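The structure under discussion appears below in the form of C-alpha cells.
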Amino acid sequence: MTPVLSLQGVSKAFEPNVPVLRDVDLQVESGTVVCLLGPSGCGKTTLLRLIAGFEEPTEGELYIIKRLVSRPGMKVPPEQRHIGMVFQDYALFPHMTIAQNIQFGLFRWPSAWRRTRLAEMLSLVGLDGMEKRYPHELSGGQQQRVALARALAPNPQLLLLDEPFSNLDVNLRQQLRDEMHAILSKADITTVLVTHDQEEALSLADRLAVIDQGRIVQYAPPDEVLQQPRTRFVAKFLGLGHFLAGDVQPHCIVTELGNIPYHADLPLAHADRQVDVLVRPESVQLCGHHDGTPAQVVRSSFRGTRKLYTLSLPSGAQLCGLFPQEVALQAGDHIRVSWHPEHMVTFSGNHSQETQALDEVIVE
Ligand SMILES: Nc1ncnc2c1ncn2[C@@H]1O[C@H](COP(=O)(O)OP(=O)(O)OP(=O)(O)O)[C@@H](O)[C@H]1O
C-alpha cells in the first residue's frame with residue numbers, strides 16, 4: 001500500500017555545512033500515529049515544518065500519497081497539501097464562535113454539508129452544544145479539542161500536531177492524551193506528532209521516530225524501541241536507562257549486580273568480551289540484608305505513584321530504581337538491590353562503536 005507520507009533522503013541545512021536534518025527516510029502508513037521524539041534541538045520541529053510545507057529541503061524529496069510536494073527548489077504551499085495542523089497554542093480565532101472556527105476550512109462546501117460536518121466534528125471531539133461559545137469561554141482542554149476538530153473538518157489526508165499538550169497543566173495532560181488517542185483512532189487519521197515528552201509519545205504513538213542530531217536512529221513501535229533500542233542514545237533517552245560494565249562468560253554476563261544468565265551466543269561484535277548492559281529502573285529491586293549488591297541512595301524524585309531513586313554502586317557506577325512510594329528512602333541510605341531484566345540489551349564495551357546495532361539476548 002502506498003504510504004500517506006514518504007520522505008526520501010531528506011536533509012535540511014539553514015546555513016551551509018550545518019545540517020539540521022540528515023538523510024531522513026520516513027514512510028508513514030495510512031491510519032498510523034507517528035511521533036517524532038528526541039531532545040531539544042534535534043530537528044523535530046524542522047521536520048514537521050518540512051512536512052507541512054513551511055520549509056524546503058536542501059536535499060531529498062517529500063511525497064504525500066504519491067504526489068511530490070517538495071524537493072530542493074520546489075515546494076507545494078501548506079494550504080495545497082491536504083493536511084490539518086494543530087499548533088502548540090491552538091491558534092483559534094478569538095472573535096469567531098466554536099462553530100465558525102470548526103467550519104473555517106469548509107468555506108467552499110455547500111452550506112448543508114458544512115452543517116453536517118460541524119455536527120460530526122462536535123460529536124467526534126465531545127463538544128456537542130458548545131458551538132455558539134467563543135474560545136475564551138472554554139477550558140484549555142476544550143480549546144484543544146476545537147483546534148483538533150477544525151483541523152480534521154476538511155477531511156485532511158494527514159494531521160500534524162506540534163507539542164499538542166505543552167500548554168496544559170500536568171493533571172490535564174494525562175486525561176487529554178487519552179482523549180486525543182480515542183479521537184485519532186475514531187477518525188482513523190494518519191498523524192505525525194512532535195513531542196519531547198516520552199510518556200506522551202509512548203501512550204499516543206503507533207510508531208516512534210527517535211531523532212538524534214538530525215537523523216532518525218530508530219523507527220519502530222514503542223515496545224520495540226524500549227525493548228530493542230538500536231543505539232546507546234535511544235537506550236538512554238527512553239526509559240531512563242543506565243549502563244553497567246559486563247564481562248561475558250560462556251553462560252552468563254558477570255556484572256556488579258550479579259551474574260545474568262542468557263540462552264543465546266553473544267554476537268562476535270563483543271569479541272573483546274566486555275559489554276555494557278542496559279539497566280532499566282523497573283528491573284531493579286530492593287532486597288534483604290544478605291542478598292543482592294550494596295547501593296547508596298543519591299537522590300529521589302516522584303514518578304506518579306512511584307518514586308525514582310538514583311543509586312550509586314560500590315564501583316561508583318550509577319543506576320536508577322523505581323520503587324513504590326511507601327518505601328520512603330532518604331539520600332545517603334544504604335540499601336541492597338538485585339536486578340531482574342526481562343530483556344537484556346547489551347552494547348559493545350568499545351565506545352567507539354556507539355551507533356552499532358544492538359545485540360539483544362533474551363534472559364532465560
Ligand atoms: N529558521 C531557522 N534558521 C536557522 N536555524 C534554525 C532555524 N530553525 C531551526 N534552526 C536550528 O535547527 C536546529 C533544530 O531545531 P528544531 O526547532 O527543529 O529542534 P527541536 O527538536 O524541535 O527542538 P525543541 O524540542 O527545542 O523545539 C536548532 O539548532 C535550531 O537552532
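Note that the coordinates shown come from a computational prediction; the quantities given were computed from them, not determined experimentally. Counting starts at 1 for both ligands and their atoms, following the listed order. Throughout, residue positions are numbered sequentially from 1 according to the sequence presented.
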### Task
Describe, in one word, how the ring planes of Phe87 and Phe54 are oriented to each other, choosing from parallel (under 30°), tilted (30 to 60°) and perpendicular (over 60°).
tilted

Is there a donor-acceptor contact under 3.5 Å from the side chain of [X] to the main chain of [Y]?
X: Arg81; Y: Val76; answer: yes
X: Asp247; Y: Val254; answer: no
X: Gln296; Y: Gly332; answer: yes

### Message
Which protein residues come within less than 4.0 angstrom of ligand 1, counting heavy atoms only?
### Response
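Heavy-atom contacts below 4.0 Å: Phe14, Val20, Pro39, Ser40, Gly41, Cys42, Gly43, Lys44, Thr45, Thr46, His196.
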
### Side-chain heavy-atom pair Leu202, Leu226 within 4.5 angstrom cut-off
yes

### Query
Below 4.5 Å, heavy atoms only, C-beta onward: do Thr310 and Cys320 meet side chain to side chain?
yes

